[in-house]
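Only one structure is covered here, and it is reproduced in the block below.
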Amino acid sequence: MQKIDLPRAYDPKAYEDAIYTEWENSGFFNPDNLAATGEPFAILMPPPNVTGVLHLGHALENTLMDSKARFERMLGKKVVIIPGTDHAALPTQARVENNLREAGMKNPRQELGREELLRQIREYADQSRSTILSQIRKMGTSCDWSRLAYTFDEPRSKIVNDVFVRMFNDGLIYRGYRVVNWSVLGQSTASDDEVEYVEQEATLYTFRYSANFPIPIATVLPETKLGDTAVAVHPDDARYNKYIGQTFTVDVGAEKSLKIHVLGDKSVDSAYGTGALGVTPAHSATDFEMYQQHPEIGLIPVIGADGKMTEQAGKSYAGLPVKQAREKFVTWLKDQGLLIKEEKITHNVAVSDRFKDEIWPIPMEQWFIDVNKQVPGKGRSLRVLMREAVTTGLGGDKPKKISVAPDRFTKSYLHWIDHLHDWCISRQIWWGHRIPVWTRGEEVYSGTTAPEGEGWKQDDDTLDTWFSSGMWTFSTLGWPDNADFKTFHPTAWMQMGYEIIYLWMARMILFSAYLLDDISFKQVYIHGILRDKDGRKFSKSMKNGIDPLEVIAEYGTDALRLSVIKGIAPGNDARFSYEKIKDSRNFINKLWNVSRYILSMEDKEVPTEPSFADRWILSRLQTVTKNVTKDFENDQFSRVAEQLYDFVWHELADWYLEAAKVAINPKVLRTVLETVLKLMHPVAPFVTEAIWKSMGHAGKDLLLVAEWPKADTKLIDAAAEEKFQKMQELIVHIRNIRAEYQVAAGNWVDVWAETDLGPEVTPVVEKLARVKLHTGMAAEENSIDALAGGVRLMIPLAGLMDVQREAERLSIQQAELIQQIESIKRRLSTEDYVKKAPPALIERDRSQLASKEEELKVVQEKITHVEKLSF
RNA sequence: GGGCACGUAGCUCACUUGGUUAGAGCGCCACAUUGACAUUGUGGAGGUAACAAGUUCGAAUCUUGUCGUGCCCACCA
C-alpha cells in the first residue's frame, strides 16, 4: 500500500483560507477571465444591510447563490456574482440612535447635530461593512471583488439621482399632503411594509359628542376625536340613515366646537360597535380616503409630529402628550354624562419595525411614486407593468417574463399588487440619499445637481432605502453605458427570502420595467427562513442565535453549507440544529477518507478487464450525474445534497470500495473520484478543491473551473447493475439463512447458497461477507468454496438473534406474506382491474404472486426448523 | 374577514405528473472492532399517511367536507 500523506480526519482550518486566496488570485471569480464564448450568467448578491454582522440566513443565501454560480461556471458559462452591501438608511440610523440612547443620550439628533451624527453612522456602517465582507469570504462565496458595490457609493448615488429626476420629470413622483405612518421616536415616516402590528389590550369607549348629537360612536383613541369632522353610517341602516347629509355643530369642551357631517358609506359595518364610525381624516388612513371622496368635511390635525396635541386640538389640549390628552378628554366625557360604555378589548397597534414605538397616522407633505398614473410612452401604469412582469411578460413579450419559484408566491405578489397604494419614498432621517429637489419660493427644480442662481434650498428629506435597492440589478452593472450592463442585464438568477418579496422584488421589477423596459432577472428562487431546532425564529432577544463564523471555526464551511441546504424545500421554512451540522461534518469526513483510500491505491496494477463491480459503479455514476445536473438546473439544492450523500456513502463507500478490494482498478477509482469531486464542488467547494489538489492538479488547473461531467450513456450497464444487485441480495440471503444452522454448527455455521452469478462473484462475496456478516474477526478460519452454481461460507455466529425472537419475527413475516398474497389474488380476480390496468402491471402482479408464494414456503420451512431448535 | 401553505415513524423531513411491501437522517435497541474512516461498520424495532366521504380497477397523491397548525394581507371605528 502506498504511504498515505493526508491526515486521518479532514481539518477545514488547514485548507479553507489558503484555498479561498488561491481562487481569488486565479482571477476566475471575474468573468473577464473566463471563456469569452460562454453565455453570460449574472447573480446579484442580495446586499446585506450594514446594520450588523451576518447570521445564518445569510449563510443560506450565500450557499444557494454560490452553489448555483459554481455549477453554472463549471458548465462553461461566463459567471459573475457581484457582491455588495446596503446602506439600509432607516434601519442603520435607527440602530445607531438606539445604541446612543442605550448609552444614555436622550435625543441623539438634537445633541449631536446632523454632521456629527452622520459621521458616527458612517463610522458604524463602515465597520459593519468590512466585517460583512470578510464573512462573505469565509463562506466561500465565489464573487468578483473587483465589482464590489455599495448602495451609497458614488456610482450608485448618481444613478439614484438620475432615476429620481427622470421619474419626477415624467410626473410619476409627486409631493402630496397625505396621512402617513409616523414614528415619533424615529421622527420619520415608515412605509406600510415597515409597520408591524402588535396585539394589545385597550379600552373601547362608547360615547356621544354632545347631548344633541343623535349617533353614539366608539373608539380606542378618544383624543383623536377632537379632530373628527364626520360620522359615517351605512346607508341602509334604519336607525341612522335619516341623518345622512345633515351637519351638526357639537361642543367638545375644548374651547371649540366641531362641525360633524353625517355621511352614508357602504364600507361601514352596522353590526360592529354602535354601527357608526367617527371619521378622523387627519389620523386614520381609511378616514383620510373618505375625506378625499368628501373634501367638504375638512381635516383637522390634532396630533403633531412631536407626539403632542396641536393648537387645533383646542387651547386646553395644545402641547399635551397624547396619553394625557386621552385621560383629560375621557374625564370630560364622564363629567358631561356623555360616556356610555367602557370595555376592554384586544386590538392591533401599529409599531415601527425599527424604532419599536407606536406609529401615529399623521397628515404631512411627503414624496410619493404614483403607481396608477400612465407612464409616458408606455400607455400603462407602473402597477400594470409590475403585474405584466410575472404574468404575460412586459408588453405581452414572453421572454420578458420572470419565472418565480415556487409559483405560489406569484399569487401573493399579484394579490399585493392589486392592493397597492402610492409608494411613500421620503424619510425624515439623515442617513440616506437626499432627495434631489430644490425649491425657491414657488419654483421647484429637480436635478442631479443644485440649480444655478441664488436662494435655492434642497429638500431636507432622504429617500426610502428600497428606492436605491430597487435599482440594484442595473446600478451595479453600470447602467446605462457600461459593457457589463449590456452583457449581463437582465440578470440570470436571483434569490431572496419570501419576507422581502414586496419590499425588494416588487421594487426591482418596478424600476427595471419603467427605466429599461425590461425585467431585472429571468428567474427568482424564493427561500424560507431558517428556524432553530424548536421551530422558533432566531433572534437576539431569545438568545438562540447561531453564529455562522463559530460553526465554520468548529466544523468547517463545507459542513455549514451542506447543513443549511439539506432538508429545505423551496419557499418553506426549515429547522436548523447542531445535529445537522455534525451529520454534514461526518459526511465531509467520509468523503475525505474515501478519497484518501482511493489515492493510496494509485500504484496498484490495472486489471485487464473492468470487473462487474467496476461496471456497476460507473453505471450508477452516470445516473447520479444525470440526476444531480437536472436538480441543479431546477434549483433542487436539497436533493442535490441528498443524492450525493447517498451515493458517496451508501454506494461508493459501503459497497463499491469493499467489493473493489478484490481486484483494485486504480483507473476506475480515479475516474469515479474525479467525477464525484466535480459533482460535489458547488455545494462543498473547499474539501473537494483540497482533494483535487492532492490528486496532482496544480497551478490554474482548479476544480473551480473544471468541466462539469456529462453523463455517458454508453457506460450505463443494466446487466452489471442487475448482477450487482443480485449479489447484494445474495449477501442478505446468506445472512438470513444462517440462523437455521446455528445450533447444528456450533460456533461456526457452514452456509451454502445457490447462485447463478458465476465465479467472478464468489471472491467479492467473500470479501463483502467480512464487512457485512462480521467474519473479519477470525479470517483465517473463514473458508469459502466456489462450487459450481453456488457459494459456500463458514460464518461465525456472533451477533445472532436468539431463537425465540427469531420465531416471533418469522411468524410476523408469515402473516404479512399471507396477507400480501391474498391481496394480490383479490386484485387479480377483479374483473375491472384485469380489463383496465396496464398489462405490465398485471404481469408484475403475477410474478410477484409467484415469488411471494415461494417466499412463504421458505418462511414456513424456517418456522418448522426454528420450532425444532427451541426444544 | 380575505388569501397562501401545511398535517406522513419519538423528532426533523422526503416521496417529480395516482401504480410493487410509503423512504431517509437523527434518536432508540442489539451486535461488530488493530485494515480509508469511531467524525466507523452491520442489523433491528417503530407508520390505520389528522379524520370522514367521494372519484378510480387502484389514493399519502385528485375532489369535497370536518378538525388542527403556521404564515401573509386587510380591518379592528
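Predicted model only: the values in this text are computed from it and were never measured. These numbers come from the heavy atoms of this one structure, side chains and all, not from hydrogens, waters or symmetry mates. Throughout, protein chains are lettered first and strands after them, A, B, ... in sequence-line order, and every chain is numbered starting at 1.
Ranking B:G19, B:A36, B:C75 by closeness to the A:Tyr197 side chain, first place goes to B:C75. When distances are taken from the side chain of A:Lys836 to each of B:C4, B:C57, B:A36, the shortest belongs to B:C57. Closest contact between the side chain of A:Arg844 and the listed nucleotides B:G19, B:A36, B:C76 involves B:G19. Distance from the side chain of A:Thr830 is smallest for B:C57 among the nucleotides B:C57, B:U40, B:U16. Among B:G2, B:G25, B:U42, the nucleotide with an atom closest to any side-chain atom of A:Tyr645 is B:G25. Distance from the side chain of A:Thr286 is smallest for B:C76 among the nucleotides B:U16, B:C76, B:G25. Side-chain proximity of A:Asn589 to the nucleotides B:C57, B:C37, B:C73 is greatest for B:C37. Closest approach to the A:Glu642 side chain among B:A14, B:C57, B:A36 is made by B:A14 (side chain taken as heavy atoms from C-beta onward).
Using a 4.0 Å cut-off, some side-chain N or O of A:Lys411 falls inside it from OP1 or OP2 of B:A5. Dashed line: the shortest gap from a side-chain N or O of A:Arg585 to OP1 or OP2 of B:U39 is not under 4.0 Å. At least one side-chain nitrogen or oxygen of A:Lys661 sits closer than 4.0 Å to the OP1 or OP2 atom of B:A36. In terms of phosphate contacts, A:Arg575 brings a side-chain nitrogen or oxygen within less than 4.0 Å of OP1 or OP2 of B:C13. Look at A:Lys582 and you won't find any side-chain N or O under 4.0 angstrom from OP1 or OP2 of B:G27. Checking the phosphate oxygens (OP1, OP2) of B:G3, no side-chain nitrogen or oxygen of A:His419 falls inside 4.0 Å.
Here the separation of B:G46 from B:A9, taken at their C1' atoms, is 6 Å to the nearest Å. Between B:U48 and B:U8, the distance separating the two P atoms is 13 Å to the nearest Å. A gap of 22 Å separates the P atoms of B:G10 and B:C6, to the nearest Å.
A:His421 comes within 4.0 angstrom of nothing in the nucleic acid, heavy atoms only.
Searching all strands for a Watson-Crick or G-U wobble partner of B:A49 with both distances below 3.5 Å returns nothing. Across all strands shown, B:A24 forms a Watson-Crick or G-U wobble pair with B:U12, both key distances being under 3.5 Å. Here B:C31 sits opposite B:G41 as a Watson-Crick or G-U wobble pair (both hydrogen-bonding atom distances under 3.5 Å). Base pairing analysis places B:C62 opposite B:G54; the two distances defining the Watson-Crick or G-U wobble pair are each below 3.5 Å.
A parallel orientation is assigned to the rings of A:Tyr15 and A:Tyr10, their planes being inclined by less than 30° (bins at 30° and 60°). By the 30° and 60° cut-offs, the orientation of the rings of A:Tyr209 relative to A:Phe213 is perpendicular. Between A:Phe637 and A:Tyr525, the two ring planes are perpendicular [angle over 60°; tilted spans 30° to 60°].
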